[in-house]
Asker: 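Please find one structure pasted underneath; my questions will follow.
Heads up: numbering here begins at 1 and tracks the sequence.
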Amino acid sequence: MGDSEFPSSQTPADDTVRTRFSWFLSGMAMIFSIPAFILMTAHVGFAGFASENGVSLLQATFMVATIWALPANIVLIGAISGGYSLIGAAVAVALSSIRLMPMVAAFIPEMRGPKTRRITLLLLSHFIAVTAWVMGMERFRHIPRDMRVSYFAGLGITLTVTNSLVVALVYFLSTDFPPVVFAALFFLTPMYFLTSLWGSARDRSVHVAMVSGLALFPLIHHLAPAYDLLLTGFAGGAVTMGYVRWARGRAA
């Protein structure tokens, strides 16, 4: 009897679910990549930093899972250690995280599929941080548009859960590590961010923004150390806007 005489137990819906799940697993598998490993080493340093500043294990783990932005977590611990008020700490964290807004605005259109629901995009936007952004933008071009949400869900959720567990585990062992080890591991992340953002830039203006920010920061830090990051962002943005206008005028 031929195979065609038997009714198929597979439906298009089943294939779609299986395909989406396979892309979800592909996103999860990126936890074994070099960028993910560098991010985990940075969170090893964060666990030591949190322990040294009197932040409890539960608080440190909760911060990683809910804020999911390493610089913002550092700012929050600094605000706690400095005796900031609740409003002051919230403002400090918000200012450090506002840099992610243009990244989310650029990432969502690349991730959105033809039938993606808005609530799904809102939930997944929580997991958009620098590492996930760079990894997603580099790989989306090789992923079917209607599968990108599933892929990023696996990537973002796995990164967040894994690093939360890393912080919890290292917190128990933090007394066995010298502070210089935590500092060295912590330094790997900004170095990776710089090289990755430079390599993944799709426009020359991104390079201009990075170079101008790096060049202006020492001077601005010397003049106004309390507002150095904020003022450097404004100054670097102004230089970049000037370059964009100059480039458009030259091309016209």
Side-chain angles (χ1 to χ4, degrees), residues 16-50 57-74 76 97 99-101 103-113 116-173 185-186 188-193 195-197 199-200:
T16 301
V17 170
R18 186 180 302 110
T19 302
R20 291 186 184 279
F21 184 63
S22 67
W23 280 110
F24 182 87
L25 293 178
S26 297
M28 292 183 63
M30 293 307 296
I31 194 64
F32 300 106
S33 63
I34 292 178
F37 175 75
I38 293 175
L39 184 63
M40 285 188 282
T41 59
H43 278 85
V44 170
F46 170 75
F49 180 73
L57 183 151
L58 181 60
Q59 291 170 338
T61 307
F62 181 78
M63 288 166 60
V64 173
T66 56
I67 297 178
W68 189 230
L70 196 53
N73 284 328
I74 299 301
L76 179 55
S97 299
R99 63 194 167 84
L100 298 175
M101 184 181 298
M103 297 178 68
V104 173
F107 193 86
I108 291 297
E110 294 289 333
M111 180 174 63
R112 181 192 293 120
T116 306
R117 294 182 297 176
R118 183 175 299 179
I119 185 63
T120 302
L121 295 175
L122 289 174
L123 292 174
L124 290 181
S125 65
H126 169 71
F127 303 103
I128 300 176
V130 175
T131 299
W133 188 90
V134 171
M135 295 173 70
M137 293 295 275
E138 287 179 347
R139 289 164 176 79
F140 275 169
R141 68 189 71 178
H142 306 298
I143 301 173
R145 179 165 287 275
D146 57 344
M147 298 297 164
R148 293 179 181 178
V149 167
S150 299
Y151 176 84
F152 183 74
L155 170 64
I157 293 172
T158 304
L159 281 176
T160 305
V161 172
T162 301
N163 283 281
S164 299
L165 294 176
V166 166
V167 169
L169 177 62
V170 174
Y171 196 99
F172 284 111
L173 308 174
L185 294 175
F186 209 49
L188 287 176
T189 296
M191 294 303 299
Y192 164 72
F193 286 169
T195 55
S196 298
L197 290 174
S200 63

Asker: With rounding to the nearest 0.5 angstrom, report the CG to OG1 distance, Leu39 to Thr131.
Answerer: 4.0 Å

Asker: For Phe46 and Val167, work out which heavy atoms get closest and say how close.
Answerer: CD2-CG2, 4.0 Å

Asker: What heavy-atom pair brings Arg141 and Met137 nearest, and what distance separates the two atoms?
Answerer: NH2-O, 4.0 Å

Asker: To the closest 0.5 Å, what do you measure between CD1 (Ile157) and OG1 (Thr162)?
Answerer: 11.0 Å

Asker: Walk me through it: do Leu155 and Phe127 pass the test side-chain contact (heavy atoms from CB on, under 4.5 Å)?
Answerer: CA-CA 9 Å; Leu155 170 64; Phe127 303 103; over 6 Å; no

Asker: Once side-chain contact (heavy atoms from CB on, under 4.5 Å) is applied, do any residues pair with Leu123, and if so which ones, sequence neighbours excluded?
Answerer: Ile119

Asker: Between Thr160 and Val64, does the side-chain contact (heavy atoms from CB on, under 4.5 Å) criterion hold? Intermediate values first, please.
Answerer: CA-CA 7 Å; Thr160 305; Val64 173; 5.6 Å; no

Asker: Going by the side chain to side chain donor-acceptor pair (under 3.5 Å) test, which pairs reach into residues 57-66, not counting sequence neighbours?
Answerer: Ser56-Gln59

Asker: Side-chain atoms of residues 145-154: list all donor-acceptor pairs with protein atoms under 3.5 Å, sequence neighbours left out, distances to 0.1 Å.
Answerer:
residue : atom : partner : partner atom : Å
Arg145  : NH1  : Pro109  : O            : 2.9
Arg145  : NH1  : Arg112  : O            : 2.9
Arg148  : NE   : Phe140  : O            : 3.1
Arg148  : NE   : Ile143  : O            : 3.1
Arg148  : NH1  : Glu110  : O            : 2.8
Arg148  : NH2  : Phe140  : O            : 2.9

Asker: How far apart are the closest heavy atoms of Ala42 and Leu70, and which atoms are they?
Answerer: CB-CD2, 3.7 Å

Asker: Take the angle between the ring planes of Phe21 and Phe24 and call it parallel below 30°, perpendicular above 60°, tilted in between.
Answerer: parallel

Asker: Name all residues meeting the side-chain hydrogen bond (donor to acceptor under 3.5 Å, both in side chains) criterion together with Asn73; count only those two or more places apart in sequence or in a different chain, and write none if there are none.
Answerer: none

Asker: Check side-chain contact (heavy atoms from CB on, under 4.5 Å) between Ala72 and all other residues, then give those that pass, not counting sequence neighbours.
Answerer: Ile67, Ala69, Val93, Ser96, Ser97

Asker: Counting the benzene-type ring for Trp, do Trp23 and His142 have ring centres under 6.0 Å apart?
Answerer: no

Asker: Return the minimal non-hydrogen interatomic distance between Met135 and Ser33, and the atom names on each side.
Answerer: CE-OG, 3.3 Å

Asker: When rounded to the nearest 0.5 angstrom, what is the spacing between CZ in Phe107 and OG in Ser125?
Answerer: 10.5 Å

Asker: Please report the closest heavy-atom contact between Ile128 and Leu100, naming both atoms and the distance.
Answerer: O-CD1, 4.1 Å

Asker: Please round to the nearest 0.5 Å and tell me the distance separating atom OG1 of Thr120 and atom CE of Met111.
Answerer: 9.0 Å

Asker: Could you tell me whether the side chain of His126 and the main chain of Gly156 form a donor-acceptor pair under 3.5 Å?
Answerer: no

